[in-house]
S.K.: 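Shown below is the structure under consideration.
Everything quoted here is computed from the prediction, not taken from an experiment. Throughout, protein chains are lettered first and strands after them, A, B, ... in sequence-line order, and every chain is numbered starting at 1.
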Amino acid sequence: MVFFQSKIVFFGTPEFAGIVLESLIKNGFKPNLIITQPDQPLGRKQKLTSPPVKELALSNGLKIAQPKNKIELKKIFEKDKVDLAILVAYGMIIPAEILKKPVYGFLNLHPSLLPKYRGASPIQGAILNGEEKTGVSIIKMTEVVDAGPILNQEVVAVDKNDNNETLSRKLAEVGSKILIETIPLYLEGKIKFINQNESLASFTQIIKRQDGQVDWQKSADFLDRQKRAFSSWPGIFTHLGQKRLKIANLSVSEGDFKANLKSGEVFLGPNSGLAVKCGQGAVELKTVQLEGKKKMTGKDFLRGQKDLVGKILKYF
RNA sequence: CGCGGGGUAGAGCAGUAGCAGCUCGCCAGGCCCAUAACCUGGAGGUCGUGGGUGCAACUCCCACCCCCGCAA
């Protein structure tokens, strides 16, 4: 049982990594050191906030390091000998020289069926593209990000109602499970590596606020996927004059009724709801929030915006 | 001192010194085969809190509390 004596370092930052870390701890893979991103000033008051992984590490009495840059990261690996590093959504690219430091290298849990959806937003990417299935992959990290050989992989179905959070949770749970199965086998040398087929690789980018803006030329169905993909951040929004209108909840009306309306035109939906024509189909905005205001139903919103019906929402 | 919006009837908003209003909801009545439609009437507000200036403050000034968007 070589892994019980192994010195393991865990790299991770957000909630997703927290779920995996918690599972590792419960199953006897208690890391000797947790490396996570530095605390960030968050919120209106710029409160210094710890990443979820740090909170979890603290409550489990684990040693924590929060290097601010690659130089500080290197120092950590100069001091200590490490057998294995496990990296899950850490948030910094690991320099090649550090990848070589642990005896057994770095394993990475990536929430997609590699080589598809490499990069920063695999979960959102899968939802946005309407994939019916995605999954998790464990790879051995190489210099090229997300391109290392695959140790294990498991498919996870994407539900029609899955959003970023719900799918992340599923993937984190399945990922934890296969990670726990795979680590011992890997350390005992019983794993066969499968090289990724580079010709099938696809990439996802870091999500920016702008990705949440609604383009009314797109189909209603796409908007629904966009809403689900970016549900935690940045959400989806459109513009009303100079102000941003966040769309917290919407429902899709399929088909091409209201064909006489222009894309982005506001009309009175069923039950006096707030509805908008899309490139294809239409959506009813169930819950909206105007900049500086509280969330409210589309119906309530219309009451204070009587001249809204007939206006055309723009995409900048 | 990061930037900014807001707190007025149950809900959403307008009003920016001189009787507190609109849409919806609610209550009562009417019309109708009928209705979420339409008509008539009605209830419901210490205009976030505390001070100040004014003959007069929701409105101007000061302080404070609360809610929210951006940024990160």
Side-chain angles (χ1 to χ4, degrees), chain A residues 11-18 35-55 64 66-70 72-73 89-93 119-121 123-124 163-165 168 204-216 223 226-227 229-251 253 257-258 264-276 282-311 313-316:
Chain A
F11 286 75
T13 301
E15 187 61 34
F16 184 90
I35 298 182
T36 190
Q37 290 290 320
D39 293 5
Q40 300 281 350
L42 266 185
R44 261 192 290 274
K45 300 287 183 217
Q46 297 286 288
K47 276 174 300 200
L48 214 54
T49 307
S50 309
V53 163
K54 183 183 179 184
E55 298 290 342
I64 298 163
Q66 297 178 280
K68 288 187 190 66
N69 50 48
K70 293 185 171 90
E72 291 189 22
L73 183 60
Y90 171 53
M92 187 196 289
I93 292 174
S121 56
I123 301 171
Q124 293 92 333
N163 61 29
N164 183 29
E165 284 97 21
S168 289
T204 59
Q205 304 297 316
I206 289 178
I207 292 166
K208 298 182 298 268
R209 163 156 292 283
Q210 183 57 26
D211 294 325
Q213 183 173 181
V214 166
D215 178 355
W216 297 105
L223 299 190
Q226 188 181 9
K227 184 203 76 182
F230 302 140
S231 68
S232 53
W233 189 88
I236 59 168
F237 59 90
T238 186
H239 289 284
L240 198 61
Q242 293 302 309
K243 291 191 173 173
R244 196 190 302 269
L245 183 69
K246 296 176 79 173
I247 300 165
N249 204 355
L250 59 77
S251 69
S253 308
F257 71 106
K258 299 275 183 192
E265 185 166 347
V266 177
F267 65 96
L268 205 57
N271 290 316
S272 309
L274 172 60
V276 186
V283 290
E284 181 181 344
L285 310 184
K286 296 277 196 187
T287 314
V288 296
Q289 180 173 26
L290 190 64
E291 216 176 291
K293 293 292 199 175
K294 292 184 186 178
K295 267 184 204 165
M296 65 187 79
T297 64
K299 204 172 166 178
D300 283 344
F301 185 69
L302 269 181
R303 266 187 207 112
Q305 303 279 337
K306 270 296 175 185
D307 52 349
L308 190 58
V309 170
K311 279 199 176 156
L313 300 173
K314 298 257 166 58
Y315 174 82
F316 296 100

S.K.: On RNA chain B, compare the nucleotides closest to A:Q289 and A:Q305; which residue's is nearer the 5' end?
M.R.: A:Q305
S.K.: If I compare all heavy atoms of A:Q213 with all of A:Q226, which pair ends up nearest, and what's the gap?
M.R.: O-NE2, 3.0 Å
S.K.: CG of A:L268 versus C1' of B:A37: gap in Å, rounded?
M.R.: 14 Å
S.K.: Between P on B:G12 and CG on A:D307, what's the gap in Å once rounded to a whole number?
M.R.: 18 Å
S.K.: Calculate the interatomic distance between A:K295 atom NZ and B:G12 atom P; express it in whole Å.
M.R.: 15 Å
S.K.: Give none if B:G69 has no partner; otherwise give the nucleotide forming a Watson-Crick or G-U wobble pair with it, both distances under 3.5 Å.
M.R.: B:C3
S.K.: Roughly how far apart, to the nearest Å, are B:G15 and B:C31 at atom P?
M.R.: 40 Å
S.K.: For A:F301, what residues pass the ring-ring contact (aromatic ring centres under 6.0 Å, His included) criterion, not counting sequence neighbours?
M.R.: none
S.K.: Tell me the interatomic distance from A:E291, atom CD, to B:C68, atom C1', rounded to whole angstroms.
M.R.: 10 Å
S.K.: What does B:U49 pair with, Watson-Crick or G-U, if both distances are under 3.5 Å?
M.R.: B:A63
S.K.: Look up atom NZ in A:K227 and atom CG in A:N249, then write down how far apart they are to the nearest 0.5 Å.
M.R.: 5.0 Å
S.K.: Considering non-hydrogen atoms only, spot the tightest contact between A:R244 and A:H239 and give its length.
M.R.: CA-ND1, 4.2 Å
S.K.: Cut-off 3.5 Å, side chains only: do A:Q124 and A:T204 have a donor facing an acceptor?
M.R.: no
S.K.: Where the side chain of A:K246 is concerned, which of B:G12, B:C67, B:C70 is the nearest nucleotide?
M.R.: B:C70
S.K.: A:Q210 has an atom CD; how far is it from atom P of B:C70, in whole Å?
M.R.: 13 Å
S.K.: Once rounded to the nearest 0.5 Å, what's the spacing between atom CG of A:L285 and atom NZ of A:K299?
M.R.: 15.0 Å
S.K.: May I ask you to test the A:R209-A:W233 pair for a side-chain heavy-atom distance under 4.5 Å?
M.R.: yes
S.K.: Choose from B:C70, B:C67, B:G12 the nucleotide whose nearest atom is closest to any side-chain atom of A:M296.
M.R.: B:G12
S.K.: Partner of B:C22 by Watson-Crick or G-U wobble geometry, both contacts under 3.5 Å, or none?
M.R.: B:G12
S.K.: Between B:G44 and B:A9, how far apart are the C1' atoms? Round to whole Å, please.
M.R.: 6 Å
S.K.: What is the glycosidic conformation of B:G54: syn, defined as within 90° of 0, or anti?
M.R.: syn
S.K.: Report the residues that fulfil side chain to side chain donor-acceptor pair (under 3.5 Å) with A:S168, sequence neighbours left out, ordered by chain and then residue number.
M.R.: A:N164
S.K.: Between protein and nucleotides 6-8 of chain B, what N or O pairs are separated by less than 3.5 Å?
M.R.:
none

S.K.: Taking atom P in both B:G54 and B:G48, compute the distance separating them and give it to the nearest angstrom.
M.R.: 23 Å
S.K.: On the nucleotide B:C22, are OP1 or OP2 found under 4.0 Å from the side-chain N or O atoms that A:R303 carries?
M.R.: no
S.K.: With both distances kept under 3.5 Å, what pairs with B:A28, Watson-Crick or G-U wobble?
M.R.: B:U40
S.K.: Take atom C1' in B:G45 and the same atom in B:U8, then report the distance between them in whole Å.
M.R.: 8 Å
S.K.: Quick one: look up who B:C58 pairs with, Watson-Crick or G-U, both distances under 3.5 Å, and put none if it's unpaired.
M.R.: none
S.K.: Rounded to whole angstrom, note down the C1' distance from B:U40 over to B:C62.
M.R.: 49 Å
S.K.: Give me the distance, rounded to whole Å, that separates B:A11 from B:C1 when you measure between the C1' atoms they each carry.
M.R.: 37 Å
S.K.: Quantified in whole Å, what is the P atom distance between nucleotide B:C61 and nucleotide B:G18?
M.R.: 15 Å
S.K.: What is the pairing partner of B:A34, taking Watson-Crick or G-U wobble pairs with both distances under 3.5 Å in any strand?
M.R.: none
S.K.: Rounding to an integer number of Å, can you tell me how far A:L274 CG sits from B:U23 P?
M.R.: 20 Å
S.K.: Let me confirm one number: the NZ-CG distance from A:K286 to A:L274, rounded to the nearest 0.5 Å.
M.R.: 11.0 Å
S.K.: For B:A56 and B:C19, measure between their C1' atoms and round to the nearest Å.
M.R.: 13 Å
S.K.: Output the rounded distance in Å from NZ (A:K208) to P (B:A71).
M.R.: 13 Å
S.K.: Specify the separation, in whole Å, of atom CG of A:D300 and atom C1' of B:G10.
M.R.: 11 Å
S.K.: Would one find a side-chain N or O of A:R244 under 4.0 angstrom from OP1 or OP2 of B:C70?
M.R.: no
